[in-house]
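See below for the structure under consideration.
None of these values were measured; they are calculated from a predicted model.
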Amino acid sequence: MNRTECTTSTTCPYCGVGCGVEAKVEQRELIAVSGDRHHPANAGRLCVKGSALHETTGHEGRLLRPRVKGRDVSWDSALDEVAGRFTRLIEEHGPDSVAFYLSGQILTEDYYVANKLMKGFIGSANVDTNSRLCMSSAVAAQKRAFGSDSVPACYEDLELADLVVLVGSNAAWAHPILYQRLARARERRPGMKVVVLDPRRTATCDLADRHLALKPGSDGYLFNGLLTYLADRNALDQTYIERHCEGFDEALAAAREQCPDIATTAALCGLPAAELEWLYQRFAATERSLTLYSQGINQSSSGTDKANAIINCHLATGRVGKPGASPFSLTGQPNAMGGREVGGLANQLAAHMDFANPDHLDAVRTFWQAPRLAQNEGLKAVDLFRAVEAGDVKAVWIIGTNPAFSLPDAARVRRALERCELVVVSDCVADTDTTRLADILLPATTWAEKNGTVTNSERRISRQRSLLPPPGEARHDWQILCDVATRMGFGEAFAYRHPAEIFREHAALSGFRNNGSRDFDISALAQLSQAQYDALAPIQWPVTDRCPEGTARLFGDGGFYTPSGRARLLPVWARPPATPCRMDELVLNTGRVRDQWHSMTRTARSPRLLEHCDEPYVEIHAQDASRRGIANGDLVRLHAREQSYIGRARISDGQRPGSLFAPMHWNDRYTAAGCVDALVAPVTDPVSGQPESKQSPVRLEVVEQHWRGLLLSLEPIDALPCDYWSRASLPRGERYRLAGFTAVEDWRVWLEAWLPAGNDRIELLDSRNRHYRAASFRDGRLQWVFIGACDGELPSHGWLGDQLGKTLDAGERARLLAGRPCNGEAADQGAIVCACLQVGEKRILKALGEKTHSVESLGRELGCGTNCGSCIPELKALIGEKRG
Ligand SMILES: Nc1nc2c(c(=O)[nH]1)N[C@H]1C(S)=C(S)[C@@H](COP(=O)(O)OP(=O)(O)OC[C@H]3O[C@@H](n4cnc5c(=O)[nH]c(N)nc54)[C@H](O)[C@@H]3O)O[C@H]1N2
Ligand SMILES: Nc1nc2c(c(=O)[nH]1)N[C@H]1C(S)=C(S)[C@@H](COP(=O)(O)OP(=O)(O)OC[C@H]3O[C@@H](n4cnc5c(=O)[nH]c(N)nc54)[C@H](O)[C@@H]3O)O[C@H]1N2
Ligand code: SF4
Ligand SMILES: [Mo]
């Protein structure tokens with residue numbers, strides 16, 4: 001082995017599956033990643049995002065030095081400024097005049113310190129997190145039902161279940177390795193049934209025996225109807241209900257009143273009664289039923305009730321925490337669960353303790369020796385930013401999240417941050433929608449540099465280990481917080497030197513005065529030495545003296561954390577989305593694409609990850625499109641709340657008529673008008689405070705483009721004076737798609753105004769000024785090429801992009817302006833379907849045209865789908881289309 005080469009086990013920083021990663025570092029560079037065969041979550045597999053991790057750790061775009069008001073400063077002066085201004089505001093206006101807004105993407109140790117500082121020492125509970133937008137309805141529902149925020153199930157249940165119901169989850173794209181585990185289990189056990197409940201057809205439906213495309217937001221009715229059905233068909237577990245539950249009669253009465261029979265429920269859900277009956281019969285007959293739910297449930301103005309309607313059905317059949325039988329809330333971010341453990345939400349204390357319980361308040365105060373422990377819940381995300389807008393909260397410190405992009409009513413959040421007296425942002429990236437609004441910017445380390453723990457969807461704590469030194473002056477989030485705490489006068493309580501010390505304290509607090517009264521207990525880890533912490537193998541909480549090896553499932557034999565020890569069934573009065581659509585509006589659904597992560601700060605650095613989908617889009621049913629004169633590939637505009645979003649139309653029969661889908665990822669750095677959250681109203685669930693991000697009324701119209709263009713440039717272009725643009729990185733340079741809504745009078749003059757000047761230019765203009773092509777060279781090398789057209793097709797960018805930076809002869813220059821290679825050069829593959837092996841749609845369709853293929857034979861011929869497998873649903877769809 002090379003002396004400087006080493007392999008370290010760590011955990012993927014993306015989704016809540018929490019896969020183990022083997023990372024190979026050579027000469028201080030991460031050169032390769034592979035799945036950790038010993039990690040129980042993934043057993044050696046990684047999805048496409050995980051397997052591209054080494055392509056995303058470069059230093060370009062990183063925030064490397066602290067900045068105050070746009071000027072680089074020393075750490076000392078930045079920290080003094082943060083601590084000094086927070087202290088003064090607290091003295092003048094009280095602790096509730098300041099706030100922290102955190103993220104499910106920071107580590108448990110970072111989170112613990114932030115929560116301790118705000119709740120224990122500053123004395124306010126104004127510390128909330130982006131998990132409010134993600135998990136808070138699931139948290140609230142679990143607390144109402146179980147008396148604790150506990151996920152009863154584990155991943156192995158996916159393999160043991162006989163019926164798996166995925167509700168509001170596009171696991172094929174959002175939790176790919178779980179999806180693959182499910183797909184394998186189903187191959188092995190053909191009797192297993194999989195059902196997807198989602199208003200649109202997704203890649204996840206590829207695995208499903210049935211896809212029930214219910215009316216957006218109607219899940220509450222569906223599960224109320226199921227409870228009625230279970231009662232009517234004697235499919236309840238009466239013994240379990242009597243021994244372990246309370247509230248059954250009230251829950252059933254409410255369900256029955258609203259959903260007395262299948263016909264009524266089917267009408268409320270917009271489904272054929274027979275489909276509903278099929279699902280209900282299966283659920284009634286299948287002991288091992290597992291219901292996985294995610295953002296299609298949580299992100300709703302009645303998300304908590306919906307989750308409780310699901311849990312009700314599981315409690316009534318005694319299917320909680322048994323092998324293959326549970327309700328199972330999937331967490332989104334890598335450490336959504338860890339944030340909840342430390343009390344990162346404004347309505348939690350710490351270690352799953354509650355403000356409402358005086359014993360808990362006393363326990364936390366005593367344990368921390370907290371001088372001014374917050375006594376009441378703080379402001380939840382949406383209200384928090386309202387308070388910022390109103391000037392009640394005068395300083396906010398944002399860590400590891402991008403609220404100017406991800407909160408509903410994003411334009412208003414931006415205005416609020418512009419007005420706020422003090423905005424401190426800790427991020428690893430310099431330019432985000434939120435860093436643009438910061439007064440003080442603090443450079444944080446990120447994955448590959450950080451060291452600590454995260455907890456995945458099945459309560460499994462895994463280590464993220466540092467592989468690379470911090471770039472520039474970046475520091476760990478926990479260190480930055482401790483440094484500020486020290487400057488605020490709390491040095492003694494924040495004198496940690498290593499994350500292991502923080503973890504031990506966190507573990508000790510979980511066991512403090514616990515005695516089995518709280519679910520979250522990892523007291524058996526409170527004595528870990530630093531070496532043991534460094535070597536900690538993935539383990540599921542609770543981890544106590546009684547269960548030192550961890551705990552796979554909870555509540556199999558009852559024993560809930562309510563005062564009576566019984567689980568509660570909740571009477572649920574299901575209701576539609578808060579904002580009804582007017583006649584001219586459609587319902588906008590938003591969510592994830594396969595290869596991007598939220599605001600794209602990391603995933604968009606890998607050209608490979610951008611090839612699957614490289615532009616904002618809107619998925620539309622053909623009926624709605626034709627009514628508005630929209631053709632596939634047109635640019636369309638969505639309007640709501642005086643804001644608009646522009647994306648490419650994708651006409652799809654996977655949408656319900658009246659419904660649209662747009663990806664959440666695009667933002668100001670990647671497109672002209674692509675922030676979907678500007679369109680989303682800030683309506684929230686009354687219990688959890690989670691926003692309704694999946695059902696927003698919008699107007700849809702086609703955009704009349706006068707011209708369209710393609711620009712490939714070696715250098716990124718900052719200011720694009722076009723009505724529409726979208727950007728994607730190429731292996732070398734950048735690709736821009738452009739459009740103008742009015743005519744360009746003189747193409748050359750216009751381009752010269754904003755494109756870098758070279759010392760050699762070629763161009764081509766047709767006599768009617770409808771087509772213009774130009775390329776610029778510097779020192780003989782291609783610097784940029786622009787192709788603009790008022791009609792006809794634009795060439796695809798693949799081959800053109802490959803020419804950037806090259807020296808071209810006369811023939812090649814001519815072909816460049818023609819926009820295509822001569823025969824024999826790399827053929828245009830079309831959109832890349834398999835990102836790992838770089839196989840495009842056109843190549844796949846060509847192979848399918850030549851002979852009949854299965855996924856396996858396609859893989860043998862072209863390689864596609866043979867590495868991470870994330871594209872298999874799409875390959876199947878292409879094969880299906882070809883077969884008709
Ligand atoms: N590739 C990728 N993976 C990710 C992420 C990412 O950014 N990129 N983010 C991670 C995070 S933080 C999260 S929270 C998870 C989210 O994971 P998911 O919740 O699986 O992902 P989403 O795309 O937000 O939405 C899930 C589905 O809900 C459906 N839906 C919308 N409205 C309704 C409804 O009324 N009823 C039902 N039943 N379904 C509905 C949508 O059509 C969508 O298919 O993904 C995680 N994984
Ligand atoms: N319309 C709509 N809106 C949504 C959703 C939706 O489905 N639809 N989903 C919601 C959900 S579930 C979520 S989770 C949110 C996600 O939304 P955000 O949290 O706003 O999105 P990210 O892009 O993940 O932001 C993370 C930021 O942290 C930075 N970062 C990464 N690692 C570190 C680190 O170690 N330390 C620090 N300090 N910074 C770091 C990244 O560069 C990035 O800027 O969006 C929510 N908003
Ligand atoms: S499934 Fe999630 S945790 Fe696993 S490799 Fe993919 S993004 Fe990472
Ligand atoms: Mo999330």
At their closest point, which heavy atom of [X] faces which heavy atom of [Y], and how far apart are they?
X      : Y      : result
Tyr496 : Lys116 : OH-NZ, 2.9 Å
Ala41  : Gly18  : CB-O, 3.7 Å
Gly343 : Gln348 : CA-OE1, 3.4 Å
Val593 : Pro663 : CG1-CB, 3.7 Å
Leu64  : Pro471 : CD2-CB, 3.7 Å
Asp614 : Trp666 : C-CZ2, 3.7 Å

If only side-chain N and O atoms count, and only distance matters, is there a donor-acceptor pair under 3.5 Å linking [Y] with [X]?
X      : Y      : value
Asn335 : Thr108 : yes
Ser426 : Trp397 : yes
Asn451 : Ser466 : no
Tyr111 : Thr129 : yes
Gln530 : His498 : yes
His476 : Glu109 : no
Glu861 : His853 : yes
Thr434 : Asn402 : yes
Ser169 : Ser294 : no
Thr551 : Gln540 : no
Gln105 : Trp597 : yes

| task | Check the surroundings of atom CD in Glu29: do more than 12 heavy atoms from other residues, nucleotides or ligands lie under 6.0 Å from it? | result | no
| Is the count of non-hydrogen atoms from other residues, nucleotides or ligands lying under 6.0 Å from Arg189 atom CZ greater than 12? | yes
Is any side-chain heavy atom of [X] less than 4.5 Å from a side-chain heavy atom of [Y]?
X      : Y      : result
Ser329 : Met135 : yes
Leu53  : Pro13  : yes
Arg45  : Cys868 : no
Asp802 : Arg732 : no
Asp521 : Val543 : no

Ionic contact status for [Y] with [X], cut-off 4.0 Å:
X      : Y      : answer
Glu159 : Arg188 : no
Arg62  : Glu449 : yes
Asp110 : Lys450 : yes
Glu856 : Arg860 : no
Arg608 : Asp595 : no

| Can you check whether Cys547's main-chain N or O pairs, donor with acceptor, with Thr544's side chain at less than 3.5 Å? | yes
| said: Does the plane of the ring in Phe520 sit parallel, tilted or perpendicular to the ring in His352? Use 30° and 60° as the thresholds. | reply: tilted
| query | Taking it one step at a time, do Glu156 and Arg553 satisfy salt bridge (charged side-chain N to carboxylate O under 4.0 Å, His left out)? | reply | CA-CA 10 Å; Glu156 197 197 12; Arg553 297 182 184 84; 3.2 Å; yes
| task | Could you point out which residue of Leu290, Leu292, Leu178, Thr202 forms a side chain to side chain contact (heavy atoms under 4.5 Å, CB included) with Leu166? | result | Leu292
| task | With rounding to the nearest 0.5 Å, note down the distance linking OH in Tyr112 to OG1 in Thr453. | result | 12.5 Å
| Hey, does the Lys NZ or Arg CZ of Arg504 hover above the aromatic six-ring of Tyr533, less than 6.0 Å from the centre and inside 45° of the axis? | no
